[in-house]
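Structure, as structure tokens:
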Amino acid sequence: MLQKVKGTKDYFFKEQELFDYIASVAKNVSELYSYSHCSTPIFEFSQLFSRVLGDSSDVVNKEMYSFLDRNNESLTLRPEFTASICRAFISNSMYQEVPLRLFSYGPLFRYEQPQTGRMRQFHQINYEVVGVRNPLVDSELIKIFAMIVRALGLEDKVCLEINSLGCQESRTKYRNALVSFLQDHKENLSEDSKVRLEKNPIRILDSKSEQDKKIIVDAPLLFEYLSSESMDYFNLVLEDLDRFDVKYNINKKLVRGLDYYCDTVFEFTTDLLGAQNAVGGGGRYDNLIGSLGGKPTPAMGFAAGMERLMLLVKEPPVTKNLVAIIPIGNNLNNARILAEELRENNIAVYLEPQEAAPGKRMKKADKFEASHAIFLGEDEIGSGKIKLRNMKNGSEKLISKEEFYNEFRRKSQ
Ligand code: AMP
């Protein structure tokens with residue numbers, strides 16, 4: 001039998017509706033904050049991701065879907081949005097467009113061990129603000145995430161953790177302190193972390209290994225090494241979150257897995273999804289565009305995993321106004337004419353264009369969650385009236401076409 005690739009998923013019916021619903025909530029919130037929708041290719045030159053994410057990151061080392069194309073170019077299916085957005089910003093020379101507020105969503109690819117909430121093809125909603133360094137931008141992005149959480153009814157299931165990674169100077173000082181602490185425990189570190197100790201010790205703080213975790217508990221904290229400028233910046237972000245009553249926990253151990261972050265980093269987490277506790281997160285990356293060869297341009301962004309949001313939201317809300325037309329007797333063509341008329345008037349109609357028994361049509365109408373059904377038999381055609389059934393409570397009424405349109409136009413406003 002034909003199989004789908006491990007870690008991928010086919011979406012149909014309710015699941016696809018839920019997916020579309022989450023995307024529409026995210027897009028709607030992006031419009032409330034005047035973000036522009038943008039799309040970049042799902043593959044890029046592999047080098048982009050190794051430069052952005054760092055050669056010592058798990059994503060680059062173990063998770064990239066890379067392949068040689070027919071021209072022997074090494075390409076990679078995007079494992080995240082930020083690298084592609086920065087590449088697009090630089091290659092389209094968008095410096096005059098700043099501040100740029102961008103919203104995207106779509107598929108991403110990482111070769112991970114699949115489990116609940118962890119897929120090889122997954123989807124994110126993603127927001128970036130390019131060209132401004134200002135704590136009010138950091139807090140605005142966090143507020144956007146909080147608004148999405150609220151719009152999806154998840155405020156009791158998700159909480160916000162926030163930290164500051166400070167400036168380069170703070171991190172260099174901290175790195176030295178961390179390395180000297182970890183050197184004393186080197187023999188007990190996991191093999192991966194022994195390598196990280198040479199290449200990127202701060203990433204050890206993100207390690208999932210139990211033996212590393214025991215050591216990290218007592219490690220010095222980056223937070224204690226923040227410069228006064230970084231501390232002031234962070235306090236302004238927090239003050240603004242307080243102003244808008246966005247609740248947060250300061251998590252001094254939060255570093256996020258990537259090299260490019262500086263200053264504010266944050267994550268929305270849940271304890272309802274086992275090991276996959278991060279629903280989304282992001283941070284400031286003021287040095288990334290410059291390090292990729294662009295003009296130095298500060299920026300900040302976040303991404304949230306759509307599959308994890310789907311696991312938390314569970315069901316799409318039933319907001320449909322779908323009318324099923326049920327022809328009685330020999331009236332399929334009359335039903336089709338009425339269906340086209342309704343669709344021309346922007347009313348969604350379910351009608352199979354082939355012959356079927358009314359009972360079967362009603363069952364399908366239920367499956368598609370039609371809110372109403374119109375029965376169309378000789379009597380209704382003769383009287384020019386519409387027999388309308390409310391599918392939720394079963395009540396029926398005979399109304400004129402005008403009354404029908406009035407009711408439905410109101411519903412779809
Ligand atoms: P990251 O880019 O790793 O910070 O991920 C941001 C968000 O994307 C996470 O918080 C998850 O919600 C989601 N995510 C990351 N990796 C996966 C995956 N393999 N499968 C499903 N969702 C993921």
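All heavy atoms count here, side chains included; hydrogens, waters and symmetry mates do not. Order of listing sets the numbers, starting from 1, for every ligand and every atom in it. None of the values given here were measured: they were computed from a predicted structure.
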- Query: Among Met310, Arg308, Arg256, which one has a heavy atom closest to atom 4 (O) of ligand 1?
  - Reply: Arg256
- Query: Of the protein's non-hydrogen atoms, which lies at the shortest distance from atom 20 (N) of ligand 1, and what is that distance?
  - Reply: Met119 N, 2.8 Å
- Item | Enumerated ligand 1 atoms positioned under 4.0 Å from heavy atoms of Gln124 | 2 (O), 5 (O), 6 (C), 7 (C), 8 (O)
- Task: Would you check if the distance from the ring center of Phe103 to the ring center of Tyr35 is below 6.0 Å?
- Result: no
Mind listing the side-chain donor-acceptor pairs of residues 106-115 below 3.5 Å, one per line with the distance, residues two or more places apart or on another chain?
{"from": "Arg110", "atom 1": "NE", "to": "Pro79", "atom 2": "O", "distance (Å)": "2.9"}
{"from": "Arg110", "atom 1": "NH2", "to": "Pro79", "atom 2": "O", "distance (Å)": "2.9"}
{"from": "Gln113", "atom 1": "OE1", "to": "Arg120", "atom 2": "NH2", "distance (Å)": "3.3"}
{"from": "Gln115", "atom 1": "OE1", "to": "Gln276", "atom 2": "NE2", "distance (Å)": "2.8"}

- Flag the pair Phe302 / Phe145 as yes when their ring centroid distance falls below 6.0 Å, and as no otherwise. yes
- for atom 19 (N) of ligand 1, nearest protein heavy atom and its distance come out as Glu112 OE2, 2.5 Å
- Message: Counting only heavy atoms, tell me which of Thr269, Thr270, Val279 gets closest to atom 12 (O) of ligand 1.
- Response: Val279
- Message: If the contact criterion is a heavy-atom separation under 4.0 Å, does Arg120 count as touching ligand 1?
- Response: no
- Item | Residue pairs passing the side-chain hydrogen bond (donor to acceptor under 3.5 Å, both in side chains) test where at least one lies in residues 170-180, sequence neighbours excluded | Gln168-Arg171
- Quick one: does NZ or CZ of Arg133 land under 6.0 Å from the six-membered ring centre of Tyr233, within 45 degrees of the ring axis? yes
- Message: Walk me through whether Tyr105 and His123 qualify under ring-ring contact (aromatic ring centres under 6.0 Å, His included).
- Response: CA-CA 7 Å; Tyr105 75 96; His123 301 78; 8.5 Å; no
- Message: Starting from atom 13 (C) of ligand 1, what is the nearest protein heavy atom, named by residue and atom, and what distance separates them?
- Response: Gly305 CA, 3.6 Å
- Any idea which atoms of ligand 1 are less than 4.0 Å away from a heavy-atom of Gly117? 20 (N), 21 (C), 22 (N)
- Test side chain to side chain contact (heavy atoms under 4.5 Å, CB included) on Phe368 and Leu322 and set out the steps. CA-CA 8 Å; Phe368 283 103; Leu322 177 66; 4.0 Å; yes
- Message: What's the separation between atom CG in Leu309 and atom CD1 in Ile148, rounded to the nearest 0.5 Å?
- Response: 8.0 Å
- Item | Numbering as shown, the atoms of ligand 1 that approach Ala278 to under 4.0 Å (heavy-atom distance) | 9 (C), 10 (O), 11 (C), 12 (O)
- May I ask whether Glu307 has any heavy atom positioned less than 4.0 angstrom from an atom of ligand 1? no
- Task: Using modelled atom types only, decide if a donor and an acceptor are shared between the side chain of Asn277 and the backbone of Leu273 within a distance under 3.5 Å.
- Result: no
- Message: Heavy-atom distances under 4.0 Å decide this one: backbone, side chain, both or neither, for Arg110 against ligand 1?
- Response: side chain
- Which of these, Phe122, Phe109, Phe81, has its nearest heavy atom closest to atom 18 (C) of ligand 1? Phe122
- Query: Do any heavy atoms of Glu80 fall under 4.0 Å from ligand 1?
  - Reply: no
- What about Ala304: any of its N or O atoms under 3.5 Å from an N or O on ligand 1? no
